[in-house]
Amino acid sequence: MIVVLEKAVNDRQIENIIKHLEDYGLSVHKSSGAEQIVFAAIGAQPEFDIRKIKMLDGVSEVYRITEPYKLAGRTFQKEDTLININGRIIGSNNIVVMAGPCAVENEEQIFSIAELISKSGAKFLRGGAFKPRSSPYSFQGLGKEGLQLLRKAADKYNLLVVTEILDGNQINLIEEYADILQIGTRNMQNYSLLSTVGKSTKPVMLKRGLSATIEEWLMAAEYILFNGNKNVLLCERGIRTFETYTRFTFDLAAIPVVHKKSHLPVVADPSHATGFRDKVIPMARAAVAAGADGLIIEVHNNPEAALSDGPQALLPSEFEDLMKQVKLIAEVIGRTME
Ligand code: PEP
Ligand code: MN
């Protein structure tokens, strides 16, 4: 249920409204950025009589949220969520680019990639230290050492760090080194992990589950929001379909759909979505044209020798081209890429 307060509401009335909502067993969440104060009161059964709230002093309007996701939806918050990380904003008119290798492999690799992506205008360094590999025999990541290298390389080139958390017990360690916690596609429905990152102060990038509907994806975001973390970014990274010529099927339409349903920023990952480097630039262009607020791109200085996802990693010169091309597209649709 949404409770819109009167513009002239006073503190005593606000306290009284919150108290009533809590006494009815509802959990109260405040919307940020609205002109008026708006509360989402979660947990009301269908038979709950909303007139009990409507009649309280200071309440302007009360209505039910029909979608199963409450905090992630536009009914609760009309304005776009802006995520501010040390002054770098995600979700504004400015499109952000995150880039780097699939996995951190060694010092020389991550430093040279960090240098080249920052020169081309990326603002975030990506790289896995804990890798969710399909085979237990594949490279699993460098762990803590990988996080340390990632942080050092990012700091040297004035980049921020985005890296995946695989398990809730890694939270303290990863929070120490990362600016954004990535939840991978395979963990989108790991509700205990979602609750853990929901209690974190770090922004969370939630990748779409590879067989998840948009509604299931938004419900996964809801877990993070409900636990108190409002800084959630969604990442479309391709879904499973019958098609085999690409690794996954890039659901481009998910970008405008999510923008309509939710106030959360959407990042597109054409690297995992297509699985082949020659498809990454065209799909990055398409994602920006479709309204993505950011891109996450795999780049490697020596893809032939990459320990994971080499075939989809862009070469340094290709990444430079991508940046030039998507910047032009951003301008055409009235956005910036600074
Ligand atoms: C990754 O970003 O390297 C990754 C494993 O992504 P996904 O979870 O989308 O497969
Ligand atoms: Mn990868």
Side-chain angles (χ1 to χ4, degrees), residues 96-105 109-110 113 117 122 124-136 138-143 146-147 150 160-167 170 174 178-190 193-194 197 203-212 214 216-217 220-221 224 232-241 246-252 254-255 258 266-277 279-280 283-284 287 292 294-315 319:
V96 297
V97 178
M98 310 171 181
C102 183
V104 182
E105 296 167 9
Q109 175 240 21
I110 195 68
I113 297 173
I117 63 145
F124 287 77
L125 179 63
R126 63 143 290 144
F130 296 97
K131 294 303 302 175
R133 302 307 298 277
S134 305
S135 161
S138 302
F139 176 60
Q140 303 286 312
L142 294 180
L147 294 173
L150 196 59
L160 296 171
V161 165
V162 53
T163 196
E164 180 163 354
I165 172 166
L166 273 188
D167 188 295
Q170 297 161 346
I174 295 184
D179 298 297
I180 298 182
L181 311 173
Q182 175 176 323
I183 299 290
T185 195
R186 293 157 187 86
N187 265 323
M188 190 207 80
Q189 284 176 312
N190 181 339
L193 180 60
L194 297 177
V197 297
V204 176
M205 183 167 78
L206 177 65
K207 290 193 139 192
R208 181 176 179 181
L210 52 89
S211 298
I214 293 174
E216 286 163 341
W217 186 20
I224 305 171
V232 178
L233 307 78
L234 298 165
C235 176
E236 165 58 43
R237 49 78 68 212
I239 49 175
R240 267 278 150 79
T241 67
T246 49
R247 186 178 179 198
F248 294 95
T249 296
F250 189 29
D251 186 6
L252 197 56
I255 298 169
V258 169
V266 184
V267 170
D269 176 351
S271 306
H272 291 89
T274 61
F276 298 95
R277 80 170 57 90
K279 318 285 185 294
V280 173
M283 289 300 99
L295 294 172
I296 182 161
I297 307 288
E298 287 191 345
V299 181
H300 203 287
N301 55 344
N302 183 7
E304 296 308 314
L307 297 180
S308 73
D309 283 349
Q312 69 193 32
L314 291 188
L315 300 162
F319 182 66

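Order of appearance sets the numbers: ligands from 1, and atoms from 1 within every ligand. Nothing fancy with the numbering, it's 1 onward along the sequence. No hydrogens, no waters, no symmetry mates; every other heavy atom, side chains included, goes into these values.
Assignment of Cys102 to the shell around ligand 1 is supported, since a heavy atom sits closer than 4.0 Å. Within the structure, the closest approach of Glu298 to ligand 1 falls below 4.0 Å when heavy atoms are considered.
Here the OG1-CZ distance, from Thr274 to Phe250, works out to 8.5 Å after rounding to the nearest 0.5 Å. Note that CD1 of Ile224 is 5.0 Å distant from CG of Leu194, once rounded to the nearest 0.5 Å. Put simply, CD1 on Ile113 and CG on Leu150 are 10.5 Å apart, with the number rounded to the nearest 0.5 Å.
Within Asp309, the N/O/S atom positioned nearest the Mn ion (ligand 2) carries the name OD2. The Mn ion (ligand 2) sits nearest to atom OE2 when only the N, O or S atoms of Glu298 are considered.
Atom 8 (O) of ligand 1 has its closest protein heavy atom at Thr185 N, 2.8 Å. Of all protein heavy atoms, the one lying nearest to atom 4 (C) of ligand 1 is His272 NE2, 3.4 Å. Counting only heavy atoms of the protein, atom 9 (O) of ligand 1 lies nearest to Arg237 NE, 2.6 Å. For atom 6 (O) of ligand 1, the nearest non-hydrogen atom of the protein is Lys207 NZ, 2.9 Å.
Atoms SG of Cys102 and NE2 of His272, as seen from the Mn ion (ligand 2), are separated by an angle of 170°, to the nearest 10°.
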Ile117 and Met98: CA distance, side-chain angles, deciding distance, side chain to side chain contact (heavy atoms under 4.5 Å, CB included) verdict: CA-CA 9 Å; Ile117 63 145; Met98 310 171 181; over 6 Å; no
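Taking each of Glu164, Met188, Met98, Arg126 in turn, the one with a heavy atom nearest to atom 2 (O) of ligand 1 proves to be Arg126.
For the residue pair His300 and Asp309, no side-chain donor N or O sits within less than 3.5 Å of a side-chain acceptor on the partner. Side-chain contact, Gln312 with Arg247: a donor N or O sits under 3.5 Å from an acceptor N or O.
When only interatomic distances are considered, the shortest N/O to N/O separation between Asp309 and ligand 1 does not fall below 3.5 Å.
Inter-residue side-chain proximity for Ile239 and Leu210 is flagged as unmet; no heavy-atom pair is nearer than 4.5 Å.
Ion pairing between Arg126 and Glu298 holds under the 4.0 Å rule for side-chain N and carboxylate O.
Of all atoms in ligand 1, listed by their number and element, those nearer than 4.0 Å to a heavy atom of Gly184 are 8 (O).
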